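Report on one structure; see the data block that follows.
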Amino acid sequence: MPILLILMLVLGAVGLFLALPGGRADLSRLGLLVLAIGAALLVAGLTQQLAGEPGQALFAGCSLVALLAALRVVTHRKPVYSALYFVLLVVAVSILLVRMQAEFVFGALLIVYAGAILVTYLFVIMLAQQARPAPYDTRSREPLWGCLAGFVLLTQVAAYVYRRPASEQAAVLPRVGGDAILNVATPLLTHYVVGLEIVGVLLLAALVGAIAIARRPAATADEGED
Amino acid sequence: MLAAHLLVGALLFALGLVGFVTRRNLIIIFLCTEMMFQGIILNLVAFGRYPLEGPPTFDGQVFSLFLIAVAAAEAALGLALVVLLYRHRGTLDAGAWTTLRDE
Amino acid sequence: MTAATSILPAGLYATLPLWPLFGALLVGLWIALRVKPERAHWPVVLGVLVSAALAVTLFFDLQRQYAAAPETHAGGFVYSVYNWISLGQPASLEHNQWLAVNFYFDGLTGVMLLFVTVVSLMVVLYAVGYMRDHHGHPERGYERFFAFLGVFVFSMITLVLAGNFVLLYLGWELVGLCSYLLIGFYYGKPAAAAAAKKAFIVNRIGDFGFALGIFSLYWFLRPYVQPGENPLDYAVVFKYAQHLATAQIGGMSQATLVSLLLFCGAIGKSAQFPLHVWLPDAMEGPTPVSALIHAATMVTAGVYMVARCTPIFGLSPLALDVVLAVGMVGAVLTATMAMAQYDLKRILAYSTISQLAFMFVGLGCGVPDSAVFHVFTHAWFKALLFLGAGSVMHAMGGIIDARKFSGLRHVLPQTYAVMWVGCLALAGFPLLAGFWSKDEIVHAAFERHAAVGIIMLATAGLTAYYTFRMFFLCFHGPLRLPAEAGEHPHESTTMIRPLWVLAGGAVLAGYLGVSFGGPASESFLAIFRPHGLIHDFLHHSTIGHPEHGHGGLWLLYLSAGVALAGIALAWLRYGAAPVADPDARALGGLWRLWHAKYFVDEVYDALFVRPLRALGRLFFNTDNYGVDGVIWLVTAVPRGLGFALHYLQRGALQAYALSMVIGLVAILVLWSWWT
């Protein structure tokens, strides 16, 4: 595992600790700066590994956008901005998927996430709109321990990913032939058809549950308290 | 190249995890879980696209689809609960709900 | 072994034990159906009546068979009802060994059944009147009482009829159980509950030896039996008993060991010294139960068993000596105890033990037929005496202490009359039942050794003395009544009628054991020769032909004289029912020792009860504080841990999430180090 990678992860962890809401504003800016530098360096390093593959630039750009958007989702003090950054994140990730020739998942992700789920989030955020930034948005809980845990987790995963030298891994990306939709649909509707049915039932249950929960008046919900 | 995609997915997952643990706003907490899903989807598709041996497979993409469906269900239920909780306490602070503690 | 000439089919005789059981079950149904208790006694009365009728028929049937073929020694017949327990198929045997439910009909069972059923019938009839209050309403538990009585009679008949040792043991234990239930009939009374427990536990001690005896019998005889023979069957046991005499075990012959172990059971069941302590306490039960225990069932079982096992006991002179010694010691001790009591029923209880001891002396002297003859006569007059005492108790409102009343002949004339008969019979007054049988035993004792004979004769005198001491204290002297007796104490007709029947038995039962036709010119008593019908009859059983010496006429006169002297002495000292006991003053410390029953209960208390209780307390404390303490300590660990950890349960969702993440990371780190 490259030393450089650890260094960048340390940079990221320190930056995240500084950027999380709760500290002073200028330190937060500094943290974001550190994070941006770290992310850029990291993405540059990763892009290096893709040498010989087409779409290097696409990977670099989308990864950087996704990481920066994710950082803002986590660190931003206004939920609305967090949600909008999340849309950006989803778009970046879906472009990464297109690069890996997962066109159907790309479409599903965009429609379901950026379209449906995020709109619901925005509705809820608007529903719970506060006049000023709420106190719970300006302070974070246990940022040190959280960052430390995330950092150690990442180092462990990275160590595992780079357990073998990069040269051993299949470097050449073969072109996948066939119809993009048919490629996904065939296993989905043959091998995984039971899972598909179960997911359908799950969605139905979630629908019923959401209605049941949302329709409950506040008065009856009060009874469960205390 | 598998490792690069895996690392990006892991970064997204770890960031979501840190956000889940540190942020106090219930909506952001949920957003962070969705972010963790993003990282996982990226990983799954990458695993299918860059197999260690043999031709690429599409199982990763199928799992991603399942994951999207589960995420949708989770978002629907979770947001319904958030709305309920908000109506109840008038706040989105996760720290407002500690009634399960042992006195 | 043929039933060809029998009056009734053998299968009908085999139903003998069942009738009282049916009656008892019917009463149980009665209780379940909540029928009024008024007539709950009928099923049991009828059941015992049918059994009694069958027993009388059986007696004469057997007698007819013996008369037809006097040379057949074994006589009787075995009726096998069904195969009960498979004893397995030992390698040495070809056929499966079966333990059958089989009934053994011979002279001994005939005699036993005769008085067991008839006396039980009288007691049950008596209880119909006794178990009621002054207005004639049944007591609480009336149905229960009769159900238990039915089972009691069933158990005793089973015990007597049993054709193998396992069935005998079954009846033996059932009798013990029923005595427990009946002695503790007034279970609300602490003394009754304690007495029931005492009877049961003391019996267990003897039964332990009895069970060991049966086990060793099976063990010893197994090598000898032929295919298909069951080594616990009477016929098989007595067929191969000779082998036991020669085989040695632990320095004694096997016969001695088996006999002594079996005798342990007899000591417990027949309340012989040193296990006699339960019988006087058993007086806490209702009086009919006492009568039943003392006369017909329970205590006679020990004598019956030893008599039945004569072929084994006879092989071991040592065992016979032990039986004789236990009998002698018990006879003297309990007779003296009886002299210093005031409780009517207790005096009778001690006299029972003393009389049973007489029987064991007879068994020990090698005349089991005389012992069984004494059981037979004793049953009649002891039942009579107990039921008479019950009549007194009933009239006196539950008071039984002879110091509290006197001169009862004025208010209870019929009871007075039958008690005269019973006391005379017990005292051995000439020509009454007790005289004949007791004389035979005393005679056998003289044959054994002069000293034994003199001791038994003296005990007979004591018997006459204490019996009439009790009698005069109750019935003679000025009329004194306790307050509980009410204004007009009276006797109940229902209760008196069976007493007259028993009084008839007390007078006449002895004549079944004597034959007539001596040289009348010599003297009046000489026309009676001992060893009459009963003896002939008993000889057709496992008892066989014991050797009787020539019954000296001088002994008849001597024992008659002793009995009369005892009665006369009692008349002189207690004829006026003095309030101050003359014996207590005259005998001083000795009397107090007798009154305290030789402190046997106290000695047992100090030797066994207290140490055992202390041991029990030790175990309790060990369990309560030692074992439970360790368990408490063990549970304290998770409890303390939980208490320490409950501070972490803050209810904050994200704190939980963080700890989960930290745990996950820790596992990952450890895992990566590991690989």
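Being a predicted model, the structure only gives us computed values, none of them experimental.
Contact count against chain A (heavy-atom pairs under 4.5 Å) is highest for B/L15 among B/V21, B/L15, B/L6, B/L67. Between chain A and the options B/T57, B/I41, B/V70, B/V18, heavy-atom pairs under 4.5 Å are most frequent for B/V18. Contact count against chain B (heavy-atom pairs under 4.5 Å) is highest for A/L196 among A/I211, A/L207, A/L196, A/L204. For chain B, the option among A/T186, A/L96, A/L109, A/T47 with the highest count of heavy-atom pairs below 4.5 Å is A/L109. The candidate with the highest count of non-hydrogen atom pairs below 4.5 Å against chain A, out of B/C32, B/G78, B/A96, B/A46, is B/A46. Ranked by heavy-atom pairs shorter than 4.5 Å toward chain B, the options A/R139, A/Q48, A/E142, A/H191 are led by A/R139. Interface summary for chain A: among B/L79, B/V45, B/L17, the most heavy-atom pairs under 4.5 angstrom belong to B/L79.
Contact annotation for B/L31: both backbone and side-chain heavy atoms come within less than 4.5 Å of a heavy atom of chain A. For A/Y113, the part lying near chain B is the side chain, with the backbone staying farther off; criterion is any non-hydrogen pair under 4.5 Å. Interface remark: A/A149 contributes no atoms to any contact with chain B (heavy atom separation under 4.5 Å). Contact annotation for A/A83: both backbone and side-chain heavy atoms come within less than 4.5 Å of a heavy atom of chain B. Heavy atoms closer than 4.5 Å to chain B are found in both the backbone and the side chain of A/I125. Proximity to chain B involves both the backbone and the side chain of A/V73, based on heavy atoms less than 4.5 angstrom apart. Looking at A/Y192, the atoms closer than 4.5 Å to chain B (heavy atoms on both sides) sit in the backbone and in the side chain alike. Only the side chain of B/I28 has a heavy atom closer than 4.5 Å to any heavy atom of chain A. Within the 4.5 angstrom heavy-atom criterion, atoms from both the backbone and the side chain of A/V124 approach chain B. Proximity to chain B involves both the backbone and the side chain of A/L127, based on heavy atoms less than 4.5 angstrom apart. Heavy atoms closer than 4.5 Å to chain B are found in the side chain of A/L42, but not in its backbone. Looking at B/E74, neither its backbone nor its side chain comes within 4.5 Å of chain A, counting heavy atoms on both sides.
The CG atom of B/L42 sits 7.5 Å away from the OG atom of A/S63 when rounded to the nearest 0.5 Å. Summarising the geometry, atom CD1 belonging to A/I213 is positioned 4.0 Å from atom CG belonging to B/L81; distances are rounded to the nearest 0.5 Å. Here the CZ atom belonging to B/F47 is positioned 11.0 Å from the CE atom belonging to A/M100, to the nearest 0.5 angstrom. The structure places CG of B/L26 at 8.0 Å from OH of A/Y136, a figure rounded to the nearest 0.5 Å. In this structure, OG1 in B/T22 is found 4.5 Å from CG in A/L20, a value given to the nearest 0.5 Å. Within the model, atoms CZ of B/F66 and CG of A/L188 stand 5.5 Å from one another, a figure rounded to the nearest 0.5 Å.
A search for side-chain hydrogen bond (donor to acceptor under 3.5 Å, both in side chains) contacts involving A/D137 returns B/N25, not counting sequence neighbours.
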Give the C-alpha distance, both sets of side-chain angles, the deciding distance and a yes or no for side-chain contact (heavy atoms from CB on, under 4.5 Å) between A/V43 and B/V8.
-> CA-CA 9 Å; A/V43 169; B/V8 172; 6.0 Å; no
For A/L5 and B/L7, run side-chain contact (heavy atoms from CB on, under 4.5 Å): C-alpha distance rounded to whole Å, both residues' side-chain angles, the deciding distance at 0.1 Å, then the answer.
-> CA-CA 10 Å; A/L5 184 58; B/L7 206 63; 3.6 Å; yes
Would you check, one step at a time, whether the test side-chain contact (heavy atoms from CB on, under 4.5 Å) holds for A/V199 with B/L65?
-> CA-CA 10 Å; A/V199 165; B/L65 288 176; over 6 Å; no
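Applying the ring pair (Phe, Tyr, Trp, His ring centres under 6.0 Å) rule to pairs touching residues 5-35 of chain B yields A/F59-B/H5, B/H5-B/Y50, sequence neighbours excluded.
The main-chain N or O of A/H76 is found under 3.5 Å from a side-chain atom of B/R23 such that the two form a donor-acceptor pair.
Surrounding CZ of A/F104 are at most 12 heavy atoms belonging to other residues, nucleotides or ligands under 6.0 Å away.
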